[in-house]
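Here's the structure we're looking at; comments come further down.
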Protein chains: 2
Amino acid sequence: MPANVPDIVIGRLPVYLRALEHLLKGGHEITSSQELGEQLGYSAAQIRKDLSFFGEFGKQGTGYRISHLAQELRKILHVDREWPVVLVGVGALGHALVRYGGFKPKGFTIVSAFDSDASKVGQRVGALVVQDMDKLASEIARIGAQIAIIATPAATAQEVANTLAKAGIQAILNYAPISITVPKGVRVQYVDPALLMQRLTYYL
Amino acid sequence: MPANVPDIVIGRLPVYLRALEHLLKGGHEITSSQELGEQLGYSAAQIRKDLSFFGEFGKQGTGYRISHLAQELRKILHVDREWPVVLVGVGALGHALVRYGGFKPKGFTIVSAFDSDASKVGQRVGALVVQDMDKLASEIARIGAQIAIIATPAATAQEVANTLAKAGIQAILNYAPISITVPKGVRVQYVDPALLMQRLTYYL
DNA sequence: TGTTGTGAATGACTTCACAGCG
DNA sequence: CGCTGTGAAGTCATTCACAACA
């Protein structure tokens with residue numbers, strides 16, 4: 001497990017993995033850094049360099065066996081297993097996330113849902129029953145969850161993040177439209193489509 | 001309108017804007033690069049350097065008037081206006097996007113929805129009626145839309161992107177879990193929560 | 001005094017270019 | 001011969017550090 005790999009490299013690995021899985025579905029068995037790069041808009045050298053942080057996965061003169069490289073990437077990213085995920089905030093967005101089909105095929109399963117609104121506690125959402133926030137820490141410990149999704153309004157997201165960090169959560173996917181600060185050792189990724197839209201309009 | 005601003009800088013401007021609007025709501029009137037940086041996890045120098053690409057927005061010894069800086073950022077990002085957006089793909093995700101409340105407050109309104117599935121054409125989704133794909137180009141021209149959201153399955157996303165580019169769309173927010181290639185002059189931003197999850201698990 | 005705006009210095013990332021190997 | 005893996009070179013981004021100024 002090499003240290004000092006730039007985070008920007010880590011961010012590209014899932015993109016590579018997604019492309020490899022797509023090629024596999026299309027019946028391909030072998031690819032090259034050049035072919036991958038053209039598909040993804042990266043240079044061939046960058047792909048080779050990124051992979052070189054972790055080992056040697058190709059054959060000179062041939063390229064990469066797609067299934068093998070994909071499996072190696074899954075190991076590197078720790079997605080060669082199932083991850084339980086807890087969800088905080090069961091409004092419209094939280095409901096959509098429980099129903100969202102994109103997580104399970106990648107090994108992420110929302111196993112508990114929490115909300116601070118007493119009128120929501122006890123309601124069923126898909127196969128889950130919404131629980132009170134005061135059960136959060138004990139449930140996280142019971143499940144052994146390390147990953148949480150925040151889908152609350154912006155106003156409560158920081159408070160929720162504090163609670164999650166205290167309960168031992170180390171990875172947060174934040175859908176609340178606000179930046180949050182977390183203790184060292186906790187990582188946050190942000191999902192805010194409006195932000196991406198604003199990044200697009202700059203160029204219009 | 002300065003040229004040659006790194007895209008990575010453009011990507012941070014919406015984050016700054018979001019934080020400024022949050023501070024405004026909290027009753028603040030003035031902030032500093034240091035205060036903003038602490039809130040966002042950036043260095044104060046980086047924020048000042050980013051802003052310096054576009055002008056001088058602060059007062060030495062004082063900081064930035066929040067409402068003024070926010071308005072300047074809106075101008076820079078071209079979000080000081082309303083943007084019509086077309087949606088392609090009206091499955092579960094497309095439905096959720098039409099209902100999603102995060103776009104309209106930022107000036108983005110989904111004004112048309114399209115699907116290639118004949119059984120969906122004519123159905124109502126919120127206030128919209130799903131239209132056939134063969135109306136796409138004429139509707140984009142009629143509306144003057146420059147922005148599109150792709151919410152189709154991965155298998156059709158590239159084809160849809162080609163059609164959108166041909167119809168004059170210059171900015172695409174792609175929810176399909178696949179990388180797409182587009183002609184020069186067209187920009188794409190990706191929304192794939194599973195990718196972000198995989199980026200998080202690397203560190204677990 | 002406190003904070004900005006900015007060249008200069010440092011650090012990080014990407015590309016180059018080629019040895020090495022299948 | 002073709003493609004990988006990788007040091008070296010080049011480019012780009014961030015941080016430093018301070019003059020300028022309210």
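All values below come from the heavy atoms of this structure, side chains included, with hydrogens, waters and symmetry mates left out. The chains referred to below are lettered A, B, ... by the order of the sequence lines, with proteins before strands, and numbering in each begins at 1.
Using a 30° and 60° split on the angle between ring planes, H78(A) and Y202(B) fall in the parallel class, below 30°.
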Worksheet item: What one-letter contact string describes nucleotides 5-13 of chain C from 5' to 3', where B marks a base within less than 4.0 Å of any protein heavy atom, S marks contact via sugar-phosphate atoms alone, and - marks no contact?
Response: BBBB----S
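Applying the ring-ring contact (aromatic ring centres under 6.0 Å, His included) rule to F103(A) yields the partners Y100(A); only residues at least two apart in sequence or on another chain are considered. In this structure, the side-chain contact (heavy atoms from CB on, under 4.5 Å) partners of A137(B), at least two apart in sequence or on a different chain, are A167(B).
Salt bridge status for E21(B) with K106(B): present, with a side-chain N to carboxylate O gap under 4.0 Å. Taking 4.0 Å as the cut-off between side-chain N and carboxylate O, D80(A) and K75(A) do not count as a salt-bridged pair.
Of all the heavy atoms in V90(A) and A113(A), the pair that sits closest is CG2-CB, 3.9 Å.
Atom-to-atom, CZ of R65(B) to P of dT4(C) comes out at 15 Å; the value is rounded to the nearest Å.
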What donor-acceptor contacts under 3.5 angstrom involve side-chain atoms of residues 139-147 of chain A, with partners at least two apart or in another chain?
from	atom 1	to	atom 2	distance (Å)
E139(A)	OE1	S112(A)	OG	3.4
E139(A)	OE1	R142(A)	NH2	3.1
E139(A)	OE2	R142(A)	NE	2.7
E139(A)	OE2	R142(A)	NH2	3.2

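Taking the nucleotide of DNA chain C with the nearest heavy atom to each of D50(A) and A44(B), the more 5' of the two is matched to A44(B). Nearest-nucleotide positions on DNA chain D for F53(A) and T62(A) put T62(A) closer to the 5' end.
The residue from H28(B), Q34(B), E35(B) that alone fulfils the side chain to side chain donor-acceptor pair (under 3.5 Å) condition with T31(B) is E35(B).
Listed for the T201(A) side chain is a donor-acceptor partner under 3.5 Å among the backbone atoms of L77(B).
Counting 5' to 3', DNA chain D first comes under 4.0 angstrom of a heavy atom of chain B and last does so at the ends given by dA13(D) to dA22(D).
Near DNA chain D, meaning a heavy atom under 4.0 Å away, the residues from residues 24-34 of chain A are S32(A), S33(A).
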Worksheet item: Going through the distances and angles, do Y64(B) and L20(B) end up as a side-chain contact (heavy atoms from CB on, under 4.5 Å)?
Response: CA-CA 10 Å; Y64(B) 302 91; L20(B) 291 169; over 6 Å; no
